[in-house]
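Would you mind keeping the following structure in view while I ask a few things?
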Amino acid sequence: MRIDVLTLFPEMLAGPFDHSIIGRARAAGVLEIAIHNPRDYTADKHHIVDDYAYGGGPGMVMKPEPFFDCIDAVRAMAEPPGRVVLLTPQGRLLNHQVVAELAREPRLIVVCGHYEGVDERVREFLVDDEISIGDYVLSGGEPAAIVLVDTVARHQPGVLGSEASLEEESHAQGLLEYPQYTRPAEYRGMAVPDILLSGHHAEIAKWRRRQSILRTARRRPDLLAHADLTPAERRLIEEADAADVDDDPA
Ligand code: 4G0
């Protein structure tokens with residue numbers, strides 16, 4: 001997969017794309033990332049990328065020409081043309097399903113906006129998809145682009161340790177993850193649950209499943225609507241609700 005990112009602040013993206021999951025995906029050759037600055041595609045002496053809003057009002061609006069010209073040039077660099085994704089608080093909310101959908105694309109062109117937004121003609125005639133990473137406003141789209149690229153990179157085959165790890169992960173199953181422990185077995189009087197030290201793999205799997213279900217019911221009941229639970233597991237939630245079992249502070 002190839003991802004082209006358009007940003008007026010390329011320095012904000014260089015570091016994050018060289019490390020951790022994204023760095024590994026690039027090193028493995030399953031993800032190619034190229035960063036472009038629309039300012040480099042301006043023709044005027046001062047390389048102006050923003051202007052006052054028609055009709056007045058506070059704040060600057062990003063001009064259309066640098067985006068159209070930059071995307072024309074970027075499209076000519078590789079095939080296929082690629083879906084143009086704008087990161088905006090007005091987009092559809094990013095979740096596991098949207099990530100999986102985007103990760104199947106052979107190429108994405110990701111646009112980071114700034115100021116009060118971008119000229120509406122960019123959105124209407126250049127952008128194919130508008131995505132939001134959550135219901136809050138950022139100073140610019142760059143942090144959202146890092147989130148989008150990271151999540152999409154994790155879905156590329158061969159990026160995570162094993163193919164199974166993505167499927168087992170939180171949200172793929174529609175459930176939150178179970179609690180994890182490592183050594184020591186007791187630390188400052190805080191013990192690891194006995195079951196995890198027992199070596200009974202079937203019992204451990206049952207305990208973890210139960211923890212995932214109860215934790216999801218407690219913290220994110222909205223996720224349970226789409227979770228694949230047996231009737232017995234649905235009853236478990238009702239019993240837990242009644243008895244208030246579970247020592248989760250959340
Ligand atoms: C476009 C994304 C870009 C329009 C970008 C702001 C939050 C997100 C930006 C605006 C962003 C998100 C209309 C304010 C840049 N903030 N939630 N800021 N407007 O994904």
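Order of appearance sets the numbers: ligands from 1, and atoms from 1 within every ligand. Since this is a predicted model, take the numbers as computed values, not measurements.
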message = Quick check on contacts: which atoms of ligand 1 are under 4.0 angstrom from a heavy atom of Tyr136?
response =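 Answer for ligand 1: 7 (C), 17 (N).
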Atoms in ligand 1 with a heavy atom of Gly117 nearer than 4.0 Å =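 So the answer, numbered in order with elements, is 4 (C).
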key: Per-atom contacts, ligand 1 versus Gly141 - under 4.0 Å to a heavy atom   =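 Under 4.0 Å from Gly141, ligand 1 has these atoms: 5 (C), 15 (C).
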Electrostatic pair Asp4-Arg75, nearest N-O below 4.0 angstrom =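 The answer is no: the pair does not qualify as a salt bridge.
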task = Taking only Lys NZ, Arg NE, NH1 and NH2, and the carboxylate oxygens of Asp or Glu, determine whether Arg235 and Glu238 approach each other closer than 4.0 Å.
result =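 No, no charged N to carboxylate O under 4.0 Å.
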ask   = Taking the six-membered ring for Trp, are His96 and His155 ring centroids under 6.0 Å apart?
value =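 When the ring centroids of His96 and His155 are compared, they turn out to be within the sub-6.0 Å range.
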request  = Report, in ascending order of atom number, the atoms of ligand 1 lying under 4.0 Å from any heavy atom of Ser132.
outcome  =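 Matching atoms, with element in brackets: 12 (C), 17 (N), 20 (O).
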ask   = Can you list the atoms of ligand 1 that are under 4.0 Å from a heavy atom of Gly134?
value =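 Those of ligand 1 that fall under 4.0 Å from Gly134 are 17 (N).
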ask   = Can a salt bridge be assigned to the pair Arg123 and Glu120 using a cut-off of 4.0 Å between side-chain N and carboxylate O?
value =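 Answer for the salt bridge query: yes.
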task = Identify, by atom number and element, the atoms of ligand 1 in contact range of Val137, meaning under 4.0 Å from any of its heavy atoms.
result =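 Every atom of ligand 1 under 4.0 Å from some heavy atom of Val137: 7 (C), 16 (N).
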ask   = Is Leu93 close to Val98 at the side-chain level, that is, under 4.5 Å between some pair of heavy atoms?
value =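 Sidechains of Leu93 and Val98: no contact.
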request  = Please determine if Gln90 has a nitrogen or oxygen closer than 3.5 Å to a nitrogen or oxygen of ligand 1.
outcome  =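 Among all N and O atoms of Gln90, none is under 3.5 Å from an N or O of ligand 1.
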query = Which is closest to atom 7 (C) of ligand 1 in terms of heavy atoms, Leu138, Leu87, Leu86?
reply =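 When every heavy atom of Leu138, Leu87, Leu86 is considered, Leu138 comes closest to atom 7 (C) of ligand 1.
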task = Could you name the option among Leu93, Val61, Thr88 that has the heavy atom nearest to atom 2 (C) of ligand 1?
result =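 Nearest heavy atom to atom 2 (C) of ligand 1 lies in Thr88.
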inquiry  = Tell me whether ligand 1 is touched by Val118 - counting only heavy atoms on the residue side and a distance under 4.0 Å.
reply    =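 Outside the 4.0 Å threshold, so no.
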query = Do we see a donor-acceptor contact under 3.5 Å between the side chains of Asn95 and His171?
reply =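 The answer is no; no qualifying pair exists.
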message = Would you say Thr88 and Glu130 are linked by a side-chain donor-acceptor pair, where the criterion is simply a distance under 3.5 Å?
response =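 Note: Glu130 and Thr88 side chains miss the donor-acceptor criterion.
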